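One structure is given here, and the rest of the page talks about it.
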Amino acid sequence: MSEEKKQGFFTKLVSGLSKTKANMMNSVEQVFSGFTKIDDDFYEELEEALIIADLGVNTSIKIIQDLKEKVKARKIKDPLEVRGLLKEEIEEIMTIGEDAYDFTQKKSVILVVGVNGVGKTTTIGKLAYQYKQDKKKVIVAAADTFRAAAIEQLAEWANRASVEIIAQQENSDPGAVVYDGVQAAKARNADLLICDTAGRLHNKKNLMEELKKIFKIINRDYEEAHKEVLLVLDSTTGQNALQQAKQFKEITEITGIVLTKLDGTAKGGITIAIQSELGIPVKYIGVGEGIEDLQKFNAKDFANALFDNGSNDLH
Amino acid sequence: MAFESLSDKFQSIFANLKRKGRLTEQDVSAAMKEVKMALLEADVNFKVVKEFVNAVKERAIGQDVMEGLNPGQYVIKIVNEELIQLMGATESELTYAKQQPTIYMMVGLQGAGKTTTTAKLAGKIKKSGKKPLLVACDIYRPAAIKQLQVVGGQLDIPVFAMGDQIQPVDIAKAAIAHAEKNHNDVIIIDTAGRLHIDETMMDELVEVRDEVKPQEILLVVDAMTGQDAVNVANSFNDKIGIDGVILTKLDGDTRGGAALSVRAVTKKPIKFVGLGEKLTDLEVFYPERMASRILGMGDVLTLIEKAQDVLDEKKAAEMERKFRKAEFTFDDFLEQMQQIKKMGSFSDVINMIPGMGSQLKNVQIDDKEINKIEAMILSMTLDERGNPSLINPSRKKRIASGSGTNMQDVNKFIKQFEQSKKMMKQMGGMMKGKKGKKGMNFPFMG
């Protein structure tokens with residue numbers, strides 16, 4: 001594992017993404033190459049491919065519907081050309097605003113939330129490292145006081161990223177930890193305060209209330225700071241991710257998504273549904289266990305990774 | 001929620017179809033279209049859905065629609081039954097090794113919940129009187145060892161760890177020696193989360209497996225997993241061979257279609273489900289509950305159950321009427337017997353009836369005797385069954401040879417039957433006004 005990490009940043013990113021891509025191809029690419037004309041069967045198979053990519057039934061149908069209209073309007077006859085269109089469509093949906101990363105240039109608090117096991121703590125380690133490399137003063141706050149050894153886990157990442165950590169005992173009040181973090185960030189003039197939180201299922205009322213309280217503390221005690229709330233989603237998650245995004249959005253003002261574990265075979269296609277239904281953009285993607293394995297999200301790359309077979313001169 | 005509207009939609013499609021008779025291909029196709037959507041929305045893998053839908057279609061077409069249900073609902077009834085069947089039909093227990101210690105190995109993707117589940121499982125095993133040992137083989141994730149030690153401590157279960165510089169296979173080996181010395185009869189090995197496509201990491205599991213020869217390898221799967229669940233389960237099963245599945249985070253609101261996907265591609269049983277963050281939140285897997293959760297048509301299923309109840313009540317009322325008028329025939333009798341047989345052995349059923357158990361304490365019921373009676377009725381012609389007075393000696397002879405019994409048996413049975421009928425007629429008066437009470441005296445209660 002450790003040798004692998006020495007591989008270098010770009011090799012790792014490329015290999016991470018290509019795994020995602022390779023798998024995507026199995027379904028979508030077959031559709032494009034297997035058809036010579038655009039008919040109902042073609043659209044049906046395309047729809048299936050999108051469903052297999054976890055886009056969900058509704059979003060898949062909607063995308064195919066849009067696609068049909070465009071194909072008609074532009075009088076397209078070649079299935080391969082449809083691929084270009086589909087890519088366009090996905091890219092259009094997933095494109096994020098130019099100001100998406102402005103928070104990294106301001107005094108900001110980043111609150112990292114999500115259900116259990118999606119990779120919140122690991123993501124914070126990677127984010128802290130990245131900002132630190134950008135010469136920012138970063139403090140992390142260990143507000144997951146619930147899960148056994150979560151504090152130790154974050155401490156290890158803070159150590160690897162060489163950033164400061166604010167922590168209390170296990171089972172202490174997470175609100176108090178966040179409060180301490182805010183005070184420390186102010187006193188030490190930190191650029192970025194990143195708060196870890198315990199994993200919580202979005203249908204657990206008490207835990208969501210607790211999160212509301214944490215968010216309130218940040219708003220009240222660090223008014224001047226920009227608030228960035230990142231929802232971490234596991235790319236292997238299916239349709240439930242939409243529910244997660246909805247529920248977390250109700251409690252806090254989610255400003256972006258971190259899509260983790262994209263180095264596996266899952267596609268994270270549900271983020272397309274989330275973006276089109278809830279308007280929450282993906283801002284980062286996780287592509288490995290190493291500290292450098294976090295990328296800013298790029299809609300074009302995402303769409304390409306989904307629908308390219310490597311030679312991108314087909315459209 | 002999303003799936004309730006789906007159920008509504010389904011209801012409205014079939015609202016106007018109140019027709020009886022057999023399920024046509026059209027009925028089935030229309031209903032299965034909705035089922036397909038429901039399953040896909042629940043994250044059941046596309047290919048699994050396709051196969052399932054086709055199989056059910058084949059089974060459903062031509063079946064008689066049950067009274068009280070419309071064709072669509074009846075298809076759902078079949079779908080639900082098939083889902084339960086596919087899910088494993090019954091609960092599956094952990095197995096123990098003949099020679100101690102029994103070793104379980106926990107495997108899965110990152111963040112599935114292996115460490116928490118490992119502790120929960122150990123807690124359950126400890127409760128059953130065993131002495132488990134936890135083994136920390138996740139040497140990669142920061143503080144994973146510490147996490148296992150903390151949860152182990154909370155349950156007062158020992159944790160064997162050697163830090164993060166020793167290879168997992170060596171840790172596992174040392175753990176067995178440690179367990180033998182300390183008389184631990186169960187060993188649960190926690191391993192690092194890994195991607196199913198990470199060859200090096202998968203090889204590591206193979207190495208550990210070959211060294212410790214676990215009784216069971218349990219794949220821990222996040223219930224929220226999407227379409228990719230089949231790839232994950234397939235890879236783990238192909239490369240290391242799994243014996244069972246534990247489904248985690250089912251306390252969320254996911255429909256949990258991954259359960260069906262995993263089950264369908266691996267054919268391995270789902271043994272437990274994780275239902276919360278407390279270390280006691282691990283339950284045995286119930287296929288029925290999971291099936292209705294995935295299908296997400298709770299109200300349709302309730303309706304089907306009600307229709308079934310109504311149907312049974314109707315039949316019971318009809319029976320009661322026949323009792324009173326002594327119109328009870330061999331056919332009715334056969335039907336009653338078969339109804340009860342569905343529920344288990346006669347002796348079991350009698351004991352389940354409130355009040356009956358004590359009253360019939362001395363009544364000996366021989367299940368073999370029942371089979372004999374069934375054979376005799378089945379050897380009668382339909383006319384004979386409806387009109388017992390037709391049965392003359394030569395007919396009796398035929399019935400006896402047809403059922404593999406003798407004249408004596410047949411005589412005895414018919415005599416008992418006639419006696420019961422008389423008794424029923426007498427009881428009929430007493431039963432009046434007591435609706436729903438299904439008093440019954442069987443001829444074979446000696």
Side-chain angles (χ1 to χ4, degrees), chain A residues 1 4 19 23 27 48-49 51-54 56-58 60 115-119 121-122 125 146-157 159-160 170 198-204 207 234-244 247 260-261 263-270 288-289, chain B residues 1-2 36-37 40-47 49-50 109-116 119 139-154 193-198 200-201 222-229 231-232 235 248-249 251-258 276-277:
Chain A
M1 287 278 294
E4 228 177 277
K19 273 182 232 160
N23 179 64
S27 47
E48 286 176 10
I51 288 170
I52 289 172
D54 282 323
V57 178
N58 292 334
S60 300
V115 301
N116 316 66
V118 288
T121 309
T122 307
F146 180 79
R147 181 167 61 86
I151 298 166
E152 283 87 346
Q153 188 181 349
L154 187 66
E156 176 56 32
W157 280 112
N159 181 36
R160 289 181 192 177
E170 205 172 298
R200 66 200 74 221
L201 289 171
H202 49 289
N203 60 339
K204 303 255 161 121
L207 294 175
D234 183 332
S235 61
T236 49
T237 305
Q239 302 309 300
N240 194 247
L242 191 58
Q243 290 299 327
Q244 293 173 23
Q247 301 292 326
T260 61
K261 310 181 196 175
D263 47 335
T265 48
K267 299 119 189 173
I270 189 64
E289 286 185 319
Chain B
M1 222 172 279
K36 191 175 157 185
M37 292 279 262
L40 286 175
E41 280 297 312
D43 288 321
V44 181
N45 179 266
F46 193 86
K47 284 179 189 139
V49 171
K50 245 180 161 173
L109 295 181
Q110 290 96 338
K114 281 176 300 303
T115 306
T116 306
I139 58 170
Y140 306 103
R141 180 164 60 90
I145 297 169
K146 182 74 199 286
Q147 186 185 349
L148 192 65
Q149 284 167 337
V150 171
V151 288
Q154 284 168 5
R194 65 202 69 215
L195 285 171
H196 50 293
I197 49 170
D198 189 330
T200 323
M201 289 295 282
D222 186 329
M224 296 180 276
T225 311
Q227 296 286 319
D228 202 39
N231 296 329
V232 175
S235 301
T248 61
K249 307 180 205 174
D251 47 332
D253 58 2
T254 181
R255 296 258 299 277
E277 298 200 48

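Every value quoted in this text rests on a predicted model; they were computed, and no experiment measured them. In the text below, chain A, chain B and the rest are named by the order of the sequence lines, each starting its count at 1.
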Atom CZ of Arg141(B) and atom OG1 of Thr122(A): how far apart are they, to the nearest 0.5 Å?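 Answer rounded to 0.5 Å: 7.5 Å.
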One should read off an interatomic distance between Lys146(B) NZ and Gln153(A) CD, to the nearest 0.5 angstrom, of 12.0 Å
Exercise for review: With side chain to side chain contact (heavy atoms under 4.5 Å, CB included) as the test, would you mind laying out the steps for Val115(A) and Met224(B) before giving the verdict?
Suggested key: CA-CA 10 Å; Val115(A) 301; Met224(B) 296 180 276; 3.9 Å; yes
- Check against side chain to side chain contact (heavy atoms under 4.5 Å, CB included), Glu170(A) and Val150(B): CA-CA 11 Å; Glu170(A) 205 172 298; Val150(B) 171; 3.9 Å; yes
Who wins among Ala241(A), Gly125(A), Ala149(A), Gly269(A) for the most heavy-atom pairs under 4.5 Å with chain B?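 Most pairs with chain B among the choices: Ala149(A).
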With chain B, the option among Asp54(A), Leu242(A), Ile151(A), Thr237(A) that has the most non-hydrogen atom pairs under 4.5 Å is Asp54(A)
Residues Arg160(A) and Pro142(B): closest non-hydrogen pair is NH2-CG, 3.7 Å
* Asked: Nearest heavy-atom pair of Gly264(A) and Leu195(B): which atoms, and what distance?
  ->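 In terms of heavy atoms, the two residues are closest at CA-CD2, 3.6 Å.
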Below 4.5 Å from any heavy atom of chain B, which atoms of [X] appear? Answer side chain, backbone, both or neither.
X: Gln247(A); result: neither
X: Val57(A); result: both
X: Asn203(A); result: side chain

Region of Ile145(B) that comes under 4.5 Å of a non-hydrogen atom in chain A: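 Neither part; nothing is under 4.5 Å.
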CA sep, side-chain torsions, deciding dist, call: Thr236(A), Asp222(B), side chain to side chain contact (heavy atoms under 4.5 Å, CB included) = CA-CA 9 Å; Thr236(A) 49; Asp222(B) 186 329; over 6 Å; no
Exercise for the section: May I ask you to say whether Lys204(A) pairs ionically with Glu277(B), meaning some side-chain N is under 4.0 Å from a carboxylate O? Expected result: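 No salt bridge links Lys204(A) with Glu277(B).
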For Asp228(B) and Thr265(A), does a side-chain donor sit closer than 3.5 Å to a side-chain acceptor?
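Yes, a side-chain donor-acceptor pair sits under 3.5 Å.
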Apply the test side chain to side chain contact (heavy atoms under 4.5 Å, CB included) to residues Asp253(B) and His202(A): give CA-CA distance (whole Å), side-chain angles for both, the deciding distance (0.1 Å), then the verdict.
CA-CA 8 Å; Asp253(B) 58 2; His202(A) 49 289; 2.7 Å; yes
Q.
For the interface with chain A, which of Gln149(B), Lys47(B), Lys50(B) has the highest count of heavy-atom pairs at distances below 4.5 Å?
A.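 Of the candidates given, the most pairs with chain A belong to Lys50(B).
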Heavy-atom pairs under 4.5 Å with chain A, option from Thr116(B), Thr225(B), Val151(B) with the top count: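 Among Thr116(B), Thr225(B), Val151(B), the one with the most close pairs to chain A is Thr225(B).
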**Study point:** Qualifying residues under side chain to side chain donor-acceptor pair (under 3.5 Å), relative to Asn45(B), sequence neighbours excluded
**Key:**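 Applying side chain to side chain donor-acceptor pair (under 3.5 Å) to Asn45(B) gives Gln227(B).
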